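Data first, discussion second: the structure below is written as structure tokens.
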Amino acid sequence: MNVGGRDASRRSRTAPPNQAPDRAVKALRNVLELERNLEFTDRAVMGGLDKFIEQSSTALPWIRDIEPLRGTSYAVLQPGQRHRWASAVMGRLKAESAPTETAHTPPPAKKPAKRSAPRAKYTLDTPLEELKFIHKATRPKLGRLGVTNLRDMIRLFPNRHVDYSQVTKIAEVLYGEQMTVAGRVTKSERAKIGPPPGAAKIMINDGTGLLEATFFRQAYLANRFKRGDLVAFSGEIGAFNNLAQMQNPEYDQLPASSASGPSGDTAQLTHAGNLLPVYPSTDGLVQRSIRTATRKSLDNGLVLLDEYLADDLKQRHTFADLQEAVESMHYPDSPDEQFQARRRLAFDELFMYQLAALKKKAEWQHRRNGIEIDSKRAKPVVDAFLDSLDFELTSDQQTSLDGFLEDMSTGIPMGRLLQGEVGSGKTVVALSALLAVNTSGHHGALMAPTEVLAEQHFLSIANQLKAEPLPGEPKDAVRHASLPGSGNRRITMVLLIGSLQGSIKKRIQQMIADGEADLIIGTHALLQEQVAIPKLGLAVVDEQHRFGVEQRGALTQRDPRPHLLAMSATPIPRTLSLTVYGDLDITTLKILPKGRQPITTTLAKDNVTENAAYELVRTQVAEGRQAFVVCPLIEPSDSIEAASALVEFERLSMGEFKDLRVGLLHGRMKLPEKQDVMDRVRKKEIDVLVATPVIEVGVDIPNASVMMIMSANRFGLAQLHQLRGRVGRGEHASYCVLMANAKAGTASERIEAVMNHNDGFKLAEEDLRIRGPGDYMGTRQSGWDELKVATIDDVDLLQIARREASDLMADGTLDSLNANPSLAKELERVTSAHITEFS
Ligand code: ADP
Ligand code: MG
């Protein structure tokens, strides 16, 4: 009654059951093989696969019950669905043929071992090189995309999908938009454009107009596309000589059979409803190869994925199942399904993120191996110190300090972030806490990100404690002070930075090791192995965002665990703070010390405004103030067009500021030179300091009232705000002048943001909007690889993730986490993956 079936069905009546459909099986295999090569475009059989499937169903009655074909037809399935169906059919054929072979092969001994678990052939950790189902030549190229194993392969998500169901008439395309068009090839030729073998130019006509696609470096496509072929292109619409154009669009050859006219073509396309994944790519790796590779990876690896979200959590937020979500990220049946898949996986990332932080916190606090500070002994010393200052703490400062002292008296290691606007007075709070630790016989350390800042801390703290050089010890690095309010107890403070003279450094390291240094101030030099601070009670990390998470933690990785106080003037946007600092408790200084003047920010973008800026500096200096001029570079660069400190120093000291005392400070100067310059600035012997951003963090010269930022477009938003914070620290009205020729793009957006907001929190939110969360959530701040699926638009998911994670860890223990082993395992995997990246 049908073509291939006649023969097959006759055999099926006479031959043993297992061999009956042999021929049908073979035909089916061939057809599916061919169809796979044609990327499941329903072209393997004349007239479409449906007919063929119907024929095959006589011999293989189950074939139409295999999902997702069941109850529908091959023609209406999308390529991804067709692929799934075909894979399932092949799987079934294999499974059925296995026992047959066994039955016919006498020695069964070897079989079970060899065939027992076909799936176990791969695990998610199987290295890329061993994924035999991916073409050998494709593997190294995938490696370049960062793929290392099967797990990476199935998580190599497409950047987007081309929606072949949304076909636009060529007459109606919009320039600059991503669109899909379909039509018949009217011209197909090679063109000598670019490196040999050149490009292919393909012209199509859909009855409403012409469009030309140029495929650079893919000349071979001129042979693939023949006149009269029906094709679809998807990409950005451009125009050249009034002709609609695309460059290297996504392409698909469409079944040529049925359609007669362009309108018919379009109707058929819409019917097919293809959502084709478009993957990140590297040179020489075409979409087709990636698609084949990811498809096969999904076929082999999807079942290995272990769901780790609890059912009730998924139900609460209608999240898709893991396997389903991963499949739909690649081959969604509809845009909505893709949306749901992305939503689920974005949530996972944010949730893991949050859990990792809370887990760290729980592990940390539950060791209860903190150092107990006796607050009764500390209180009088701290109070006496505060009394000795010529200002009073703001109520914010006082409350934070009280909180820290209480934290440190519990025996649970403190882990706190003190965040506050530039100039809000974080240092004095930290210093008070450091003194408190000293009263219980412990030592305190203060780590700063730059030598200039470490040195400034050393000097200003020495000043506040009225410390004096110790006879026989280097005076630049060792001071001796009496602890206020403690009778005549004395403490020794030292400075440890990389560029200290060798012998002095040795001496300081020795003093630290011998426990002679009570208060240790330094840079990351403090983290070196040879510097083990024996009785460290409190580690303060200033400008903590300048350090990696590992460095932040390094000082306190020991038993008993010292208290940690991290400080930052770069506020994390509220929406992200818990995510980035989940392991720390946050204290915020909201009010600035009394009498601070607002800073007026202006933009100098032409001669007139620039001259006004120089005039402003001269008038301010005449009134006894000082000014900073900050340049992005030390010396001129061939590749970066920006002001350099050396050139500006020359230019300004000979020109605009020739009557003023101009100084120079940059990162490559030797330490004594830097010390000398900063000294002269403090003593007001320098009116204008031309510097690189070494002065960005922490530098405190209350008399300075003008901050002039050269090539302001070269600085990031946070940096601009930090630099501006170097002025307005005293009682004088202050100015920040941004020197920048108005440049397009995000630079001018940043400058505008700095002009409009004085509030660091607002700026952080702006920064987040302009740059995205990468930098906050990325390696630099959080120690995590950048998010792959989640984005800044996922604020609602972030909130859900935060709530779910805090609920799960509500009791502050790991119990509930460990009650879901799959989740605990996944978290372990995600976090350890990130740790190895660092070591
Ligand atoms: P930041 O928070 O940016 O690190 P600092 O700790 O450097 O700020 O403080 C800025 C300046 O304000 C310093 O000169 C400091 O002595 C001073 N200061 C701190 N607290 C107060 C206060 N309560 N009243 C007046 N001045 C203060
Ligand atoms: Mg500071």
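All heavy atoms count here, side chains included; hydrogens, waters and symmetry mates do not. Quick caveat: nothing in here was measured; it's all calculated off a predicted structure. Order of listing sets the numbers, starting from 1, for every ligand and every atom in it.
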Per-atom contacts of ligand 1 with Leu393, taking only distances under 4.0 Å to non-hydrogen atoms: 23 (N)
Residue Glu392 vicinity, atoms of ligand 1 by number, heavy atom under 4.0 Å: 22 (C), 23 (N), 24 (N)
Where ligand 1 meets Ser424 - atom numbers and elements under 4.0 angstrom, heavy-atom basis: 2 (O), 8 (O)
Atoms in ligand 1 flagged as close to Thr394, the criterion being non-hydrogen separation under 4.0 Å: 23 (N)
Salt-bridge present (Arg507, Glu473; N to O < 4.0 Å): yes
Glu392 CD: over 12 foreign heavy atoms closer than 6.0 Å: no
Region of Lys594 engaging ligand 1 - heavy atom pairs below 4.0 Å: neither
Option set Gly423, Ser395, Gly420, Gly425, criterion heavy-atom distance to atom 19 (C) of ligand 1, minimum: Gly425
Within-cut-off N or O pair, Gln397 and ligand 1, under 3.5 Å: yes
Atom pair SG (Cys631) and CZ (Arg714), whose distance is rounded to the nearest 0.5 Å: 13.0 Å
Electrostatic pair Lys590-Asp396, nearest N-O below 4.0 angstrom: no
Any side-chain donor near an acceptor of the partner, Ser499 and Glu451, under 3.5 Å: yes
Salt bridge (charged side-chain N to carboxylate O under 4.0 Å, His left out) assessment of Arg618 paired with Glu615: CA-CA 5 Å; Arg618 288 189 290 260; Glu615 183 56 30; 3.0 Å; yes
Pick from Leu389, Leu386, Thr427: the one approaching atom 4 (O) of ligand 1 most closely through a non-hydrogen atom: Thr427
